[in-house]
Amino acid sequence: MRRLPLGPMEAFVAVARLGSLARAAQSMHLTVPALSRRIALLEAQLGMPLFRRLPRGLALTESGAAYFAAIGPAWESLATATEAMRGAGRRPLRLTVMPSFAAQWLVPRLGGWASRHAGTEIELETGPEPVDLRARPDLDGAIRLGIGPWPGLLAEPFLPVLAFPVARPGLAVGPDAAALLRLPLIGTTHQPEFWREYLAAHGVAEPAPPLARSFDNLSLVYEAAAAGQGVALGLDPVVRPYLQAGRLVALPPGPVRLSRQFHLVRRRGAGRPGRAMALFRDWLRREAAAFLAAPCTALNPGALELNGGAPARPLASAGEGGRR
């Protein structure tokens, strides 16, 4: 039996799954030319093109789509089994997390995790964009902010989000949401819908104006607001340390419960969570419950709630896909 070209096959699966040579190369820690050579080698061995080169990007050919449908699931099973064997001994629990949530909420609590679970280290990888866990078997899971579900993933909501305008102390602003439209608004480049959802909940029908300044993570957004560069939309839990330190204050008209929540996410089809992931899930559930039991004193006690006013649900047992 001829040897399988495992390196080129891995490259093909990564490109087919991510739909981009650049993203696939990044996930495999290769250069784009090196990745392209692997694809070309596989096409030569199979005797057929697997991708169509387009002016912007590439697409699977009919043969490529059939090949990916056949080997994609098998490759994911191989990757999952290999990582499980690597983790048979003690190894860190590896998670990808948005930078601002890691810095402002998760990392300050990891001392408590270490005191309770000294034998299991947590390794965090941060970045503004969600990582495709299906293409990264070295990662055990992720914490994502969103609605879900996400294709091929199991998602458990554990922390709801309250949104409210924030600025440095002393900024004069009107009592209603429409007054915010006359001020420079600050936000993130990848989540423009936050401001739209907040204003719509307060009855502002007109679209939010373009952001005066935008950044790729919430920590930079709040630093800009604290420096007096405009009004940011505070997302509790991420913004709470800024309020507690007195660097930012909450502005009228009041908080809104967003439709998006923080979720603990892992790959679908990976079976029951491993012991380390189960321990982390339970610990995360307790930390979220303690956080919610101590509401931010800088806010009004009542918040408008979207989605029919459904109360926040604590982290539940692992289910099929994310839930609102």
Side-chain angles (χ1 to χ4, degrees), residues 20 22-23 26 56 96-107 124-132 142-148 150 159-174 176-243 245 247-263 296 298-299 306:
S20 164
R23 290 200 298 270
Q26 184 178 22
R56 300 184 64 179
T96 174
V97 189
M98 58 184 282
S100 52
F101 183 81
Q104 306 301 333
W105 197 90
L106 183 58
V107 169
L124 301 180
E125 178 179 307
T126 63
E129 298 296 336
V131 173
D132 185 354
I143 293 177
R144 287 188 181 180
L145 174 58
I147 297 175
W150 290 280
L159 197 57
V161 175
L162 287 182
F164 45 89
V166 293
R168 73 176 183 183
L171 179 68
V173 62
D176 57 18
L180 296 170
L181 302 181
R182 297 188 290 272
L183 299 171
L185 303 183
I186 307 174
T188 56
T189 53
H190 55 288
Q191 295 283 15
E193 63 271 16
F194 286 154
W195 270 115
R196 289 197 295 267
E197 187 173 354
Y198 178 82
L199 293 170
H202 278 291
V204 178
E206 59 185 295
L211 295 175
R213 289 184 181 275
S214 59
F215 302 90
D216 69 356
N217 72 74
L218 287 171
S219 293
L220 294 178
V221 170
Y222 300 146
E223 288 295 332
Q229 297 177 20
V231 177
L233 191 62
L235 303 186
D236 194 35
V238 180
V239 77
R240 188 177 296 191
Y242 290 86
L243 300 176
R247 300 185 63 206
L248 293 173
V249 295
L251 303 178
V256 167
R257 163 86 169 274
L258 293 183
S259 58
R260 290 158 181 81
Q261 301 183 65
F262 284 99
H263 294 72
C296 185
L299 298 177
L306 304 183

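Computed from a predicted model, the values in this text were never measured in an experiment.
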Practice problem: Flag the pair Leu243 / Tyr222 as yes when at least one side-chain heavy-atom distance between them is below 4.5 Å, and no otherwise. | Solution: no
Run the side-chain donor-acceptor check on residues 223-234: report pairs under 3.5 Å with partners two or more places apart or on a different chain.
residue, atom, partner, partner atom, Å
Glu223, OE1, Arg247, NH2, 2.8
Glu223, OE2, Tyr242, OH, 3.3
Glu223, OE2, Arg247, NH1, 3.0
Gln229, OE1, Arg213, NE, 3.1

Quiz item: Taking all atoms of both residues into account, what is the closest heavy-atom pair of Ala163 and Tyr198, and its distance?
Solution: O-CE1, 3.4 Å
Quiz item: Leu235 and Phe262: side chain to side chain contact (heavy atoms under 4.5 Å, CB included), yes or no, with the steps?
Solution: CA-CA 11 Å; Leu235 303 186; Phe262 284 99; over 6 Å; no
Quiz item: Do Thr126 side-chain atoms and Val97 backbone N/O form a donor-acceptor pair below 3.5 Å?
Solution: no
Practice problem: Please confirm whether the backbone N or O of Gly254 pairs with a side-chain atom of His202, one donor and one acceptor, at under 3.5 Å? | Solution: yes
Quiz item: Okay, side chain of Asp176, backbone of Ala179: is any donor-acceptor separation there less than 3.5 Å?
Solution: yes
Quiz item: How would you list, by chain and number, every residue that makes a side chain to side chain contact (heavy atoms under 4.5 Å, CB included) with Leu199, sequence neighbours excluded?
Solution: Ala177, Leu180, Leu181, Trp195, Val204, Ala208
Quiz item: By side chain to side chain contact (heavy atoms under 4.5 Å, CB included), which residues pair with Pro128, not counting sequence neighbours?
Solution: His190, Asp216
Self-check item: Distance, nearest 0.5 Å, that separates CG of Asp236 from CH2 of Trp105
Solution: 11.0 Å
Self-check item: Asn217: side-chain hydrogen bond (donor to acceptor under 3.5 Å, both in side chains) partners, not counting sequence neighbours
Solution: none
Exercise. Just grab all the salt bridge (charged side-chain N to carboxylate O under 4.0 Å, His left out) pairs involving residues 178-195, residues at least two apart or on different chains.
Key: Glu193-Arg260
Quiz item: What residues form a salt bridge (Lys or Arg N to Asp or Glu O under 4.0 Å) with Arg168, not counting sequence neighbours?
Solution: none
Quiz item: Atom OG1 of Thr189 and atom CG of Leu211: how far apart are they, to the nearest 0.5 Å?
Solution: 9.0 Å
Practice problem: Identify the two heavy atoms, one from Gly127 and one from Pro99, that lie closest to each other, and give their separation to 0.1 Å. | Solution: O-CD, 3.3 Å
Quiz item: What distance separates Met98 CE from Glu129 CD, expressed to the nearest 0.5 Å?
Solution: 11.0 Å
Quiz item: Taking all atoms of both residues into account, what is the closest heavy-atom pair of Glu125 and Val131, and its distance?
Solution: OE2-CG2, 4.1 Å
Practice problem: Can you measure from NE2 (His263) to CD1 (Ile143) and round to the nearest 0.5 angstrom? | Solution: 12.0 Å
Quiz item: So do Phe215 and Ile186 actually touch side chain to side chain, heavy atoms under 4.5 Å?
Solution: yes
Quiz item: Within a strict 4.5 Å, meaning less than it, do heavy atoms of the Val161 and Phe194 side chains meet?
Solution: no
Exercise. Provide the closest heavy-atom pair for Pro237 versus Phe101 in the form atom of the first, atom of the second, distance.
Key: CG-CE1, 4.1 Å
